[in-house]
Structures are given as C-alpha cells and as structure tokens.
Amino acid sequence: MSELRTDCEDGTFKIRTCAWSPPGDHPVGCGMFLTVKDGKVVHVEGDASHPITNGRLCVRCLTLPEYIYHEDRILTPLYRDPADRGKDAWKPISWDEALDIIEERVNYIKANYGAEAIVAFQGTGREATLYKTPLAYAALGTPNSCFPMSGDSCYGPRASVADFLLGAGYPELDYAAYFPDRYDDPRYEVPKYIILWGKDPLFSNPDGFFGHSLIDLMKRGSKFITIDPRLTWLGTRADYHLQLRPGTDSALGLGLLNVIISEDLYDHEFVENWCFGFEELAERAAEYPLEKVEKITWVPKETIQAAARAFATSHPSSIMWGLAIDTSANGVQAGHCVLALAAITGNLDVPGGITLSKPASFMGKWRYECAQQLPPGMLEKQISDPRYKGFLAAHVIAHPDRILDTLETEEPYPLKMAWFYSSNLIANTAAAQPKRWFSALRRLEFNVCQDIFMTPTAMGLCDLFLPVSSFAEHDGIVLPHFGRNTHMVASMNKAVTVGDCRSDLEIDFLVGKRLNPKAWPWETISDFFTAQIEPQLGITFPQLQEMSLMQQKFEYRKYEKGLLRNDGEQGFNTPTGLVELKSSLYEDWGEDPLPYYEEPSYSFISRPEEADMYPLVFTMGGRVTTSFHSEHRQIPSLRAITPDAIVQIHPDTAAKYGIEEGDWVRIENSLGYAVEKAHLSPIVDPRVVHGTHGWWYPEQDGEEPNLYGVWQSSVNSLVPHAKNGKMGFGAPYKCVNCKIVKVESLQG
Ligand SMILES: Nc1nc2c(c(=O)[nH]1)N[C@H]1C(S)=C(S)[C@@H](COP(=O)(O)OP(=O)(O)OC[C@H]3O[C@@H](n4cnc5c(=O)[nH]c(N)nc54)[C@H](O)[C@@H]3O)O[C@H]1N2
Ligand SMILES: Nc1nc2c(c(=O)[nH]1)N[C@H]1C(S)=C(S)[C@@H](COP(=O)(O)OP(=O)(O)OC[C@H]3O[C@@H](n4cnc5c(=O)[nH]c(N)nc54)[C@H](O)[C@@H]3O)O[C@H]1N2
Ligand code: SF4
Ligand SMILES: [Mo]
C-alpha cells in the first residue's frame, strides 16, 4: 500500500484517499491519488494498489477538479428571508450566524408545535446517509427522518426482504472482495453464471459494489444472464437475455422457479436441511406455467426454460438484484423469488455464490444510541402507517408517502420545518409527484438545505443553505453496503480546503453541540471515528488512514457454523432458523407468505380504459456514468458527454409516431408529462420507452417559476403517489403507462 502523503520535487504533493461523497456516489471507495498544487487539487489518478478497484476510476472522479472549483459552488452559509423563497435573494452569513438561526428556529418550533413538526430528508446512500438520522434524533430531536422516495423504493425493500427471509444483511455477489488476493484466493471459486436482474453495475456501482469486477469475472469465465427490458452492454455479452415487460419480475421469477422445481434441478441437500416451506413454494410456482409467464412478461418460454436450466445446473452461480426489483409495488415478491432461486440452487454463502453477513452493522451501535436520545414517547409520534407492518418491522424511519399526506392534510399533526440533508427531491429524483411535494413543502415555516450547489429544491423551498465539502476536503470513512455485509472499511483523507464548507458529520457536530451537547461528546472527527472503529477493528482512525483500508474477515457457509444467528446456533437468523421460502412473518403483516405476481398499477392491463390513450410502457432511470441522479449537470466535461435528458425509443415505434433522432418528445400519462430528447435505439422493446431521471438545467433561470427548468423533464410527474405494496414497500418508478408525442422544444 502506498503512503498517505507523497511529496514531489516540484512542490506538489499527493494524498492517497478512497472516495465516497460529495460528489454523489455510493460507498464504492475507489482508491486514488489527489495531486495538490498551490493548495488546489489539480490531478486525479487511480491507486493501483487498492485491492478492489486496482486503480480504475470513472469519469466523475476523473473530473473532480471541475466539480470542486466550479464557479457556481456555494462556499459559505447563505440566508434568505422565507418571504423571498424562489428569489435569488441569498445573503452570505457566517457559520455562527447560521447556528444562531438554527437554534432560534428549532427552539421556536419545539416550543410551539413539538420537535416532531420537523422532518429531515435524505437522498440515496451518500456519506450523508450515515449522519442524517443521527442529526434528526440526537440533535433536532425529531423522529421524522425520511427518505422521500415513494414506498422507500431503493435498497430498503431488498435489504428488508433479505432480513425477513434469510435474517442476513444484504446479500451480494461473491466477487472475492474480502480476500487480499481476491480471485486467486484458494477458498474462492469463479461463478459459472451471474444473473444480473434489473441491475446494471458497470454504470451504477450500486451500494458499494465495484461494477467493473464483472469484467474481471467475465475474463475469468463467468457467463451472464441478464433480466432487463433493455439490451444493456452486458446483455449483449450474455448467454441469455430475458427482455421482460417492466414491472413483471415476480412472474418471471415464479416461472424460473417452476422450471427448476418441476425439472428436479434443485439442490435437495440444501433444501432438506436449510429451507422452510419448499412444498408450498413448489405449489405456488406450479401456478405459473411458462405459457402464462410468457404472456405476462413477454419473455419467450423457451428462453426462460433455457436460462433456468443453465443457472440451476452450473454450480456455483450467483444473482445480483438491482433497483428495478425495488421500484415496483410487487418488488417484495420479486425479491422473494430471487432469494428462493439462490437458495434452492445451493448458492447461498458458498464460494462464487451470494455472500451473507450477520445483521450487525458498522456504526450501528452509535446510530442505535442516537435513537435513544429521543425523549420518551417521541418515537411513537413518527409518521408511519399502521397498515404497513412489514415496513414498521424493518425500519425506524418515517414512511415517505405518509409524510406527503401529512404535509398536505396536517394529519395527525402539522409539520412546520424541513431539513434537506442531501436531497434535491423535486428534481426528478426521490419524490413521485414532485409538484405535489413542492407545493406542500412550500407552506412550511422554515427550511434548511445542506448541499454543494444551489438546486431547484434549495432555491424554491429553503431559507438557510449550509455548504458541504467534497470528499477531497474532509476526513471520513467509507462503508460499502452502508455497514452491512461490508467487505472493507476505508478512510477518506482530506487533501485541500475550499471556501468555508463543512462535511456532513462536521455539520452534525456543530448543530448537535449547540442543541444537544451531551449526545456529541467527541472533541474531533478523528476521535469520533476512532470510537466507532476501534472496538471492531482494533485500530484508531489515524491508523486506518495510514493503512488506507482494512478488508474484513470472511467465512463461507456461516449457517453451518453458528455464525449467522444471534444465539450462536446453526442456521439462519429467522423465526424458523431456516431460509424461509414461505415466510413465517408475512401473514401477520397482512401479506401472502409466498411470492405472487401482481400487475403494475399503471399499466394497459390494470387501467384498460387508458390502454388506447397510453399504449406504451415507460421505464426510467437506467444509470449513466456522467451523472449521479440530479448531480453533475453543471460540470462541463460531463455535460459535454451527456448534454440532454435522453428518451430511448425503438426505431419502429419512433417511425409510428413521426419521431426522429434528436427530436424533443413529450412523454405523458394521466398524472403528468416530461420532455426529453429522442434517441432511437433497438435496445428497447418497441412497446417500451426508457427515460432519464434527475434532470434540471443549472444554465436556465433559477428563480421561480422556472426553478432551473425543473418541471421540463419531470419524469417522476408520471409516477403515482402511494401506490405501494401491502407491506408499504415499492412504487412504480420504472413501470407506468404513457404515450409519446413529438414537440418543438424542451419547453414542450
Ligand atoms: N423515475 C425514476 N426516479 C428515480 C430513480 C429511478 O431509477 N427512476 N432512482 C431513484 C433512486 S434509486 C434514488 S436513491 C433517488 C435519489 O434521489 P436523491 O439521492 O435524493 O438525489 P438528488 O435529488 O440528486 O439529491 C441529492 C442532493 O444531495 C447533494 N449531495 C451529494 N453528495 C452529498 C453529500 O455527501 N452530502 C450532502 N449533504 N449532500 C450531497 C447533491 O448535490 C444533490 O443536490 O432517485 C430516485 N428517482
Ligand atoms: N452513475 C450513477 N451511478 C449510480 C446512480 C446514479 O444516479 N448515477 N444511482 C445510484 C443509486 S441510488 C442506485 S439505487 C443504483 C441503481 O443501480 P442499479 O441497481 O444498477 O439500477 P438501475 O441502473 O436503475 O437499473 C438497472 C437496469 O434495470 C432495468 N430495468 C428497468 N425497468 C425494469 C424492470 O421492470 N425490471 C427489470 N428486471 N429491469 C428493469 C433498466 O433498463 C436498467 O438497465 O445506482 C447507483 N449508482
Ligand atoms: S465509482 Fe466513480 S465516482 Fe464513485 S468513487 Fe469510483 S471513480 Fe469515483
Ligand atoms: Mo437508489
């Protein structure tokens, strides 16, 4: 491993670091060197000694200097009178002034409405994810910590299903990430097949998984099965591509299970010893003959059969399940099928299969202790839905759809203040029905935003802006999978200072020490991290910084060794001690204990009266490397690669509607519309169009009503509110009905 700091002869120096955020990313922790000249980062290059990423970087980190030193970046706290929301009437203030305002406003809200009148919003798993709920609970004193994506439709559903059925932290493809010698470790085996299900990791590197590892595995012989309405780059290299109708994943899963069970291709030993409910699952799968599955999913039955046979008869094999499983109200059932497929083929926790971990997580103890800071009775005031027992069992956060209902109705009590902690929710990211969210949030008395750039959310809704430092400007730790099933713990190392920005954790410290000092006893950030990691890793934070990262110990077949259950017994940490192919929990929660297929709520089948009007399926949000959700739109090199919001349309469909390459297209359904630029491509089925999410236009007028053009490509206006599954999870972010019409301009 190279040095933390290397001084060069020309007076420059290099800092070795592992990246998280900002700029936005999941905790992949790619290793890199930042070259610093005259106090500025001037160059970024990969660190070949990093055992996971081996020096490879994507374009977002390679263009980091453009992001850090962008002229639009906010470098000092800003304040604006709430009466001026929507106007560019911001005034720079000091951090002390900002803290005075926060203290005065929070105390006012608490005294007059109760702390529960404050809601803290986060976005996806940036570094902020670790520090937002502690801010809410242990500094602001509110139980209303919220990820405002309808049905909590990212990661939460998958992690919860894994907890319910396996009692284990989020399962991941085994890519030898735990071993210093990686694929050459004698304990490891290369998977024969990898199913990529609604996931495109080369572009998304999701949740801390380093996507390029799939190329490593391909070179070592792994074959692919892709399940995706689009023919992705990996799909073109796959042995089988199952091009399904968006939102029909659970029907396909039941079809695959049906083949494997009826053709007796399953692992009898594993099923007999370690699974609960196999007979019932077999009966359920038998209700999904391939003719029926083909009709629902559009995937030819021969392809389903061949893929199922290839997967089940090649051992070890693995499955990666992605966001598309969560972004469906039927996603709990699809996830159930995925885990059942992995289990009955004997691929759980074996070399080259799917890795599992105990449900404990890094920093979990601290986060739990922060929740204890809430006064007695406060957690009971959290806005949730008593019908959603599955959600309540899995989560200690507010239900997002109920938060919007509460904002609109003031039932069960009025909300008065919001804190946007890494959330640009109206910019076609987390919020479904973003205009409804915008109107409702606009009525609140006081709103704070913690971000890097001015966003439509901050401009339209906030009164105080707290500027956040990039990962090059602060110390921190990177926890892949957010601390669950974590293959490494890495350090982020400060290289430079820019403006008067602070990290999310530093802001927590500032606000916490003001509002609730006893919960924030650490003198320094370094002391805090040492307190978190030393008990588990036996090293201090400065030692971790010297080392760069520490890979975690790992053992296969933990269920045989008593390493998965809290009581130390063999088996899985579920009520039956087995993998629950039939859930022993779901019935009590009002849910079918076995997987089933349910039609998406906005489809030509579930809304036949709209079938002629909106004949196409709209799926959206497949990732590109040049942006992270609504971020990076103002970064010149990245915008040059991806100048516009693109909607992918099959050439035959485009011809039918008189649309040509580069035309502006209005995508519309009964709920709303968005305008994006046509790219004609045979990678989508003629009945499906794929749009891009997260667009706003920093180059346009930021003031109201335009708000940087945020309503122009507003794809999430087409996504319904509160169409969640029975346990409160999932929403159709990737499967709604639509029509497409050529228009003259982005303004539609
Ligand atoms: N239709 C459709 N919609 C989708 C999706 C889809 O696939 N299809 N994907 C969905 C998914 S999975 C998710 S998770 C959501 C994501 O939604 P969000 O994560 O809410 O994404 P953004 O709205 O971009 O908000 C993030 C904001 O945080 C700022 N930021 C970046 N890094 C940091 C940091 O470290 N600290 C702080 N304080 N701020 C930071 C950014 O500048 C940005 O303004 O979008 C969802 N929206
Ligand atoms: N560069 C970049 N990386 C990111 C993000 C980003 O915005 N930019 N966002 C991050 C976040 S928050 C997340 S959650 C992850 C998500 O990353 P992934 O889990 O990889 O998911 P997506 O890229 O949204 O979609 C993967 C594939 O699902 C397909 N798909 C669409 N609808 C369906 C369907 O109904 N069924 C099936 N089976 N497939 C479908 C899409 O065509 C797409 O190819 O990426 C993270 N990484
Ligand atoms: S995946 Fe890309 S943006 Fe994320 S840390 Fe690695 S190089 Fe940086
Ligand atoms: Mo996400």
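Heavy atoms only: backbone and side chains are in, while hydrogens, waters and symmetry mates are out. When a ligand or atom number is given, it counts from 1 through the structure's own listing order.
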When you measure from the heavy atoms of [X] to every atom of ligand 1, does any distance fall below 4.0 Å?
{"X": "Phe147", "answer": "yes"}
{"X": "Tyr733", "answer": "yes"}
{"X": "Gly694", "answer": "no"}
{"X": "Arg623", "answer": "yes"}

Does only the side chain of [X] get under 4.0 Å from ligand 2, or the backbone, or both, or neither? Count heavy atoms.
{"X": "Tyr155", "result": "neither"}
{"X": "Asp207", "result": "neither"}
{"X": "Ala324", "result": "side chain"}
{"X": "Cys735", "result": "neither"}
{"X": "Thr327", "result": "neither"}

To which of [options] does the heavy atom nearest [atom] belong?
{"atom": "atom 5 (S) of ligand 3", "options": "Thr625, Asp25, Val28", "answer": "Asp25"}
{"atom": "atom 35 (O) of ligand 1", "options": "Ser21, Ser469, Ser204, Pro206", "answer": "Ser21"}
{"atom": "atom 15 (C) of ligand 1", "options": "Arg633, His629, His693, Arg502", "answer": "His629"}
{"atom": "atom 40 (C) of ligand 2", "options": "Gly198, Pro229, Gly621", "answer": "Pro229"}
{"atom": "atom 19 (O) of ligand 2", "options": "Leu244, Leu323, Val624", "answer": "Leu323"}
{"atom": "atom 27 (C) of ligand 2", "options": "Val684, Thr692, Asp228", "answer": "Asp228"}

Show which atoms of ligand 3 fall inside a sub-4.0 Å distance from at least one heavy-atom site of Ala19. 5 (S)
Atom indices of ligand 1, in the order listed, that fall short of 4.0 Å to a heavy atom of [X]:
{"X": "Gly123", "answer": "18 (P), 19 (O), 20 (O)"}
{"X": "Ser630", "answer": "22 (P), 23 (O), 24 (O)"}
{"X": "Lys734", "answer": "6 (C), 7 (O)"}
{"X": "Thr455", "answer": "44 (O)"}
{"X": "Gln450", "answer": "37 (C), 38 (N), 39 (N)"}
{"X": "Thr429", "answer": "3 (N), 4 (C), 17 (O), 20 (O), 21 (O), 22 (P), 23 (O), 24 (O), 45 (O), 46 (C), 47 (N)"}

Under the ring-ring contact (aromatic ring centres under 6.0 Å, His included) test against Phe209, which residue among Tyr175, Phe203, Tyr155 passes? Tyr175
Using a 4.0 Å heavy-atom cut-off, which part of [X] comes near ligand 1: side chain, backbone, both, or neither?
{"X": "Asn716", "value": "side chain"}
{"X": "Thr124", "value": "both"}
{"X": "Cys154", "value": "side chain"}
{"X": "Val468", "value": "side chain"}
{"X": "Met149", "value": "side chain"}

Which residue and atom name correspond to the protein heavy atom nearest atom 31 (C) of ligand 2, and how close is it? Thr619 OG1, 3.1 Å
Any ion pair linking [Y] and [X] (charged N to carboxylate O, less than 4.0 Å)?
{"X": "Arg502", "Y": "Asp504", "answer": "no"}
{"X": "Glu66", "Y": "Arg639", "answer": "no"}
{"X": "Lys734", "Y": "Asp249", "answer": "no"}

With a cut-off of 6.0 Å (strictly less than), are more than 12 heavy atoms of other residues, nucleotides or ligands near NZ of Lys723? no
I'd like to know if the side chain of Ser328 pairs up with that of Asn330 as donor and acceptor (distance under 3.5 Å, no hydrogens or angles considered). no
Please confirm if an N, O or S atom belonging to Cys30, backbone or side chain, lies less than 2.8 Å from atom 6 (Fe) of ligand 3. yes
Going by the angle between their ring planes, with limits at 30° and 60°, are Trp696 and Tyr708 parallel, tilted or perpendicular? perpendicular
